[in-house]
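Some notes on the structure that comes next.
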Amino acid sequence: MTDKKVRVRFAPSPTGGLHLGGVRTVLFNYLFAKKHNGDFILRIEDTDQTRYVEGAEQYILDCLAWCGLKADESPEVGGPYAPYRQSERKAAYRQYAEQLVMQGHAYYAFDTAEELDAKRKEIPNFQYGLAYRESLRNSIALPQHEVDALLDAHTPHVIRIKMPADETVSFNDLIRGHVSFETNQVDDKVLLKADGMPTYHLAVVVDDFLMKITHAFRGEEWLPSAPVHLLLWEYLGWKTDMPQWAHLPLILKPDGHGKLSKRDGARLGFPVYAMSWYDAKTDELTPGFRELGFLPEAFINLLATLGWNDGTEQEIFTLDELIEKFSLERVSKAGAKFDFEKAKWFSAEWIKRSSVSSLKLAVSTILADKGIVVNDDAKLETVINLIKDRCVVLPDFYQQAGYFFDQPKEYDLNAVKPKWTDAKTDFFKEFAILLNVETTIEAHDLEAKFKALAETKGLKVGDVMLPLRVMLVGGKFGPHVFDIVALLGKAETISRMEKAVEQFIAPPAP
RNA sequence: GGCCCGUUCGUCUAGGGGUUAGGACAGGAGAUUUUCAUUCUUCAAACAGGGGUUCGAUUCCCCUACGGGCUACCA
């Protein structure tokens, strides 16, 4: 295996939104592949026709594109092992299942869903396996002629793996080390469903073999079915080609118990999906990190550090750095509770560290969504530079930058009105006059003049500084007041001052 | 219930037979910012419990507890 080219795959089911944990699995696959100059394959596991959702596959493709995790082979770009959709590979699976039946490692089972439900109710710890298979309707329990008759009559049936008795199946997990299972404890999983589609168990083994996968990363929830997969690799005669397994720790709910789910996002007020997902059946829109205003770099960064670190105190990583530094040995074994506060910190860090030019498109889109069309490119750049340190997510740019382009619609009157005096009205009238004769506005210079004027009027600087801010911005926030004045220009500043003063001196509303 | 996996501050984690058990987020206090945020300084905060092994264990082993996963003709 040492000289084989590294090939990994992510194999999602197109059933809905793409979960945080899913993206992290993609990421670890991708990082490992790129680190070893290997290939990253996207395979769509659409074997469950009842759960198939229109548009979900394209959505997954879009998510990967947004994250910058492009697949080398996929249904979209194709590749030497096409097709990459399991539904289109349906015909291939049956022969392997039949081969297993012939070898005695699998068998036909004719039990109906109702019969099995009844068994499960009747027998407390019912498992379709060693203990009960002899008493059920399958090709092990039934005489050959009956099985043939059933088959000839096209009786609906599945093919199940026949778990061997009294064996120990063990393997070396790249993350967890030695893991072992007793075959007596594992049930006879369905390999081929009545509709002819393979289950995950068969499909994953067949396709990983056919697609020459060398390393298989998946969530820890798959660990209990690993012995089935191991045995399949052996029975199919492919054991020497089996990929190395790595079961990734789960991402857990921040509060209570269990793995993070879509519902937790709604309950706790944060996204769980990479991008918003609209479910046409329920007419429900589940928000995503992209729409909340996370930079993809931030999203990738936070996912990478959920269960992995490079051993140093570095926390901010670019994708290239992650590729360079990633190693499976440094992936932790335990599940991690998702912390949205930390996620927001990553977002803020990435916005702060991003260049103005790289932020421009996203910011102008945010502003445009709010009806602000920016045509002064230089002004936009100055604005972004002035405020990016105070934005946590992209939409914050509207709150922090909107007033540079539009007059405030309302003022934080509580901050100024109670302490408003005629002297202040007078001060701002004079300041407007002073401002009006300026030819160029320079922030420092103007601030000095503003302070000097306040002094001659017998006003404390602080008593007029805050009102000026509220006049221009609408509230108690934003960068230095005179930087704002400089950017707004004198006409706009005077206009805003005059307009605001009217409200400051107006009698309180009844 | 059965099987499997796991367990260091509230959270994400570093570390590892002898350490003041380190960092980050969140929280507290302060400085800077005549706003808010940033930034800086600073405080508080952890080795689940019990047995071994050992001169010495948080680190290695075992047990218990707790947490999580799986237990579908879903992935």
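Bear in mind the structure is a predicted one, so any value in this text is a computation, not a measurement.
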Hits for salt bridge (Lys or Arg N to Asp or Glu O under 4.0 Å) against A:Asp48, two or more places apart or cross-chain, chain-then-number order -> A:Arg51
Mind listing the N/O atom pairs, protein and nucleotides 37-42 of chain B, below 3.5 Å?
unit_1, atom_1, unit_2, atom_2, d
B:A37, N3, A:Arg390, NH2, 3.2
B:U38, O3', A:Lys352, NZ, 3.0
B:U39, OP1, A:Lys352, NZ, 2.8

Between B:U54 and B:U59, how far apart are the C1' atoms? Round to whole Å, please. 13 Å
Nearest-Å distance once atom P is located in both B:C62 and B:G6: 12 Å
When you measure from the side chain of A:Arg330, which nucleotide among B:U35, B:G15, B:U11 comes out closest? B:G15
Could you measure between the two C1' atoms, the one in B:G28 and the one in B:U35, and give it in whole Å? 23 Å
Please list, chain by chain and in numerical order, all residues satisfying side chain to side chain contact (heavy atoms under 4.5 Å, CB included) with A:Ser355, sequence neighbours excluded. A:Ser357, A:Ser358
Mind checking if A:His480 touches a base, just sugar-phosphate, or nothing, with heavy atoms under 4.0 Å? base
Return the value, rounded to whole Å, for the distance between atom CD1 of A:Ile484 and atom C1' of B:C36. 10 Å
For nucleotides 69-75 of chain B, give me one character per nucleotide, 5' to 3': B if any protein heavy atom sits under 4.0 Å from the base, S if the only such contacts are to the sugar-phosphate, - if neither. BS-SBBB
B:A48 and B:C43, which share atom name C1', separated by this distance in whole Å: 27 Å
Looking at every heavy atom in both A:His201 and A:Ser225, which two are closest together, and how far apart are they? CE1-CB, 3.6 Å
How close or far is atom C1' of B:U35 from atom CE of A:Met471, stated in whole angstroms? 15 Å
Separation of atom CD1 in A:Ile175 from atom C1' in B:G6, rounded to whole Å: 13 Å
All side chain to side chain contact (heavy atoms under 4.5 Å, CB included) counterparts of A:Asp463, not counting sequence neighbours: A:Lys424, A:Lys460
Report the residues that fulfil salt bridge (Lys or Arg N to Asp or Glu O under 4.0 Å) with A:Glu221, sequence neighbours left out, ordered by chain and then residue number. none
Within the 4.5 Å heavy-atom criterion, are A:Ile44 and A:Pro12 side-chain neighbours or not? yes
Return the value, rounded to whole Å, for the distance between atom NZ of A:Lys333 and atom P of B:U8. 12 Å
Just call it for A:Gly307: base, sugar-phosphate, or nothing, with non-hydrogen atoms closer than 4.0 Å on any strand. sugar-phosphate
Once you round it to whole Å, what is the distance between P of B:U33 and CG of A:Asp483? 15 Å
Tabulate below the donor-acceptor pairs under 3.5 Å that side-chain atoms of residues 469-486 of chain A make, not counting sequence neighbours, or state none.
unit_1, atom_1, unit_2, atom_2, d
A:Arg469, NH1, A:Phe477, O, 2.7
A:Arg469, NH1, A:Gly478, O, 3.3
A:Arg469, NH1, A:Pro479, O, 3.1
A:Arg469, NH2, A:Pro479, O, 2.9

Using the side chain to side chain donor-acceptor pair (under 3.5 Å) rule, collect all pairs that involve residues 395-406 of chain A, keeping only residues at least two apart or in two chains. none
Base of B:A26 paired with side chain of A:Lys342 (donor-acceptor, under 3.5 Å): no
N/O (side chain, A:Asn309) to phosphate O (OP1/OP2, B:A14) under 4.0 Å: yes
Can a side chain N or O of A:Thr312 be found less than 4.0 Å away from OP1 or OP2 on B:G23? no
Check A:Asp255 with A:Arg267, please: is the shortest side-chain N to carboxylate O separation under 4.0 Å? yes
Using atom C1' in both nucleotides, what's the gap between B:A29 and B:U58 to the nearest angstrom? 31 Å
For the pair made of CD in A:Glu182 and P in B:C3, what is the distance, rounded to whole Å? 10 Å
Rounded P spacing from B:G50 to B:A57 in Å: 13 Å
Are the side chains of A:Phe504 and A:Tyr411 in touch, meaning some heavy atoms are under 4.5 Å apart? yes
Using whole Å, what does the distance between atom P of nucleotide B:C12 and atom CD of A:Glu313 come to? 18 Å
Side-chain contact check for A:Val179: nearest option of B:U35, B:C4, B:G1 is B:C4
Please work out if A:Arg176 contacts a base, only the sugar-phosphate, or nothing of the nucleic acid, heavy-atom cut-off 4.0 Å. sugar-phosphate
For A:Glu182, check salt bridge (Lys or Arg N to Asp or Glu O under 4.0 Å) against everything at least two apart and list the hits. none
I'd like the P distance from B:A45 over to B:G52, given in whole Å. 31 Å
